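Order of appearance sets the numbers: ligands from 1, and atoms from 1 within every ligand. If you're wondering where the values come from, they're calculated on a predicted model, not measured in any experiment. We use all heavy atoms of the structure for the numbers below, so side chains are in, but hydrogens, waters and symmetry mates are not.
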Amino acid sequence: MTHAHITAWAVGIILFFVANAMYKNKNSKAKMVHMITRLMYIIIIITGFLLYQSIMKTATGDIHMWYGIKMLIGLWVIGAMEMVLIRTKKEKDAKGAWIQFVIAVLVVLYLGLRLPLNWAPFA
Ligand code: HEM
């Protein structure tokens with residue numbers, strides 16, 4: 001499940017940048033790439049939730065809380081991605097959404113790599 005999760009967010013983030021560039025260039029296919037990005041959001045959430053469930057039975061102490069926080073910040077990354085795309089599409093200022101995206105991604109990468117499942121270089 002970890003590999004599915006990593007693949008899903010890696011593809012999702014790449015598509016997010018592609019969709020953003022396409023909206024900026026007023027490419028008529030931008031909407032299509034945006035829809036595929038949204039499909040990736042769903043896969044990220046499902047795989048993330050399955051990872052969460054896989055450890056909840058045995059998690060003790062504050063690890064339980066950190067997994068909850070990992071989920072919330074993961075959802076925040078997705079929310080920020082969607083805000084950036086919608087605002088860019090509407091030609092509004094997307095700076096605030098970009099700042100949120102950068103902060104949330106850094107935090108979620110740190111948390112994901114600190115929590116004990118699979119690769120945990122910051123643990
Ligand atoms: C774009 C958003 C996201 C990014 C960039 C991301 C990133 C990561 C990373 C780097 C890991 C560690 C993988 C490893 O240990 O090898 C991870 C694990 C995990 N993610 Fe996400 N994630 C995102 C969204 C979500 C969401 C929405 C959820 C929950 C619904 C979630 C739940 C989890 C859980 C429970 C783990 C296992 C943590 C562990 O013990 O390593 N993630 N994620």
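Closest protein heavy atom to atom 28 (C) of ligand 1: G48 CA, 3.8 Å. The nearest protein atom to atom 40 (O) of ligand 1, hydrogens excluded, is given as Y67 OH, 2.3 Å; this is a heavy-atom distance. Closest to atom 13 (C) of ligand 1, if we only count protein heavy atoms, is T2 CG2, 3.7 Å. Nearest protein neighbour of atom 34 (C) of ligand 1, counting heavy atoms only, is L51 CB, 3.7 Å. Regarding atom 1 (C) of ligand 1, its nearest protein heavy-atom neighbour is V77 CG1, 3.5 Å. Considering only non-hydrogen protein atoms, atom 15 (O) of ligand 1 sits nearest to W119 O, 2.8 Å. The protein non-hydrogen atom at the shortest distance from atom 11 (C) of ligand 1 is G112 CA, 3.5 Å. The protein non-hydrogen atom at the shortest distance from atom 26 (C) of ligand 1 is G74 CA, 4.0 Å.
By the 3.5 Å distance cut-off applied to N or O atoms, I6 is not counted among the residues near ligand 1.
Here atom 3 (C) of ligand 1 lies nearest to V108 when heavy atoms of I78, L115, L50, V108 are compared. For atom 7 (C) of ligand 1, the nearest non-hydrogen atom from the set F122, F49, W9 belongs to W9. Residue K70 holds the heavy atom nearest to atom 42 (N) of ligand 1 of all those in Q53, M71, K70.
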Report the C-alpha separation of Y67 and L117 in whole Å, then their side-chain angles, then the decisive distance to 0.1 Å, and conclude whether the side-chain contact (heavy atoms from CB on, under 4.5 Å) test is met. CA-CA 11 Å; Y67 273 92; L117 287 179; 3.7 Å; yes

Show your working on side-chain contact (heavy atoms from CB on, under 4.5 Å) between L113 and Y110 and close with a plain yes or no. CA-CA 5 Å; L113 296 179; Y110 175 71; over 6 Å; no

Can you check side-chain contact (heavy atoms from CB on, under 4.5 Å) on I55 and L51, steps first, answer last? CA-CA 7 Å; I55 196 154; L51 280 170; over 6 Å; no

Trace of the side-chain contact (heavy atoms from CB on, under 4.5 Å) decision for I86 with K92: CA-CA 9 Å; I86 298 284; K92 288 187 182 164; over 6 Å; no

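Under the 4.0 angstrom criterion for non-hydrogen atoms, A120 is not in contact with ligand 1.
Between E82 and R38 there is a side-chain heavy-atom pair separated by less than 4.5 Å. The shortest side-chain heavy-atom distance between W119 and T2 does not fall under the 4.5 Å cut-off.
Contacts of L111 with ligand 1, taken as heavy-atom pairs under 4.0 Å, are absent altogether. At a heavy-atom distance under 4.0 Å, atoms from both the backbone and the side chain of L117 approach ligand 1.
Here F16 and W98 bring their ring centres to under 6.0 angstrom of each other.
Against a heavy-atom cut-off of under 4.0 Å, Y52 is close to the following atoms of ligand 1: 35 (C). Atoms of ligand 1 lying under 4.0 Å from at least one heavy atom of P116, given by number and element, are 40 (O).
With hydrogens and angles disregarded, a donor-acceptor distance shorter than 3.5 Å links the side chain of N27 to the backbone of K29.
To the nearest 0.5 Å, the span separating OH on Y41 from CG on L15 amounts to 9.5 Å.
Among the backbone and side-chain atoms of I44, no N/O/S atom is found under 2.8 Å from atom 21 (Fe) of ligand 1.
Residues A123 and R114 approach most closely at CB-O, 3.4 Å, considering heavy atoms.
Note on I44: it does not cluster hydrophobically with M35, by side-chain heavy-atom contacts below 4.5 Å among ILVMFWY residues.
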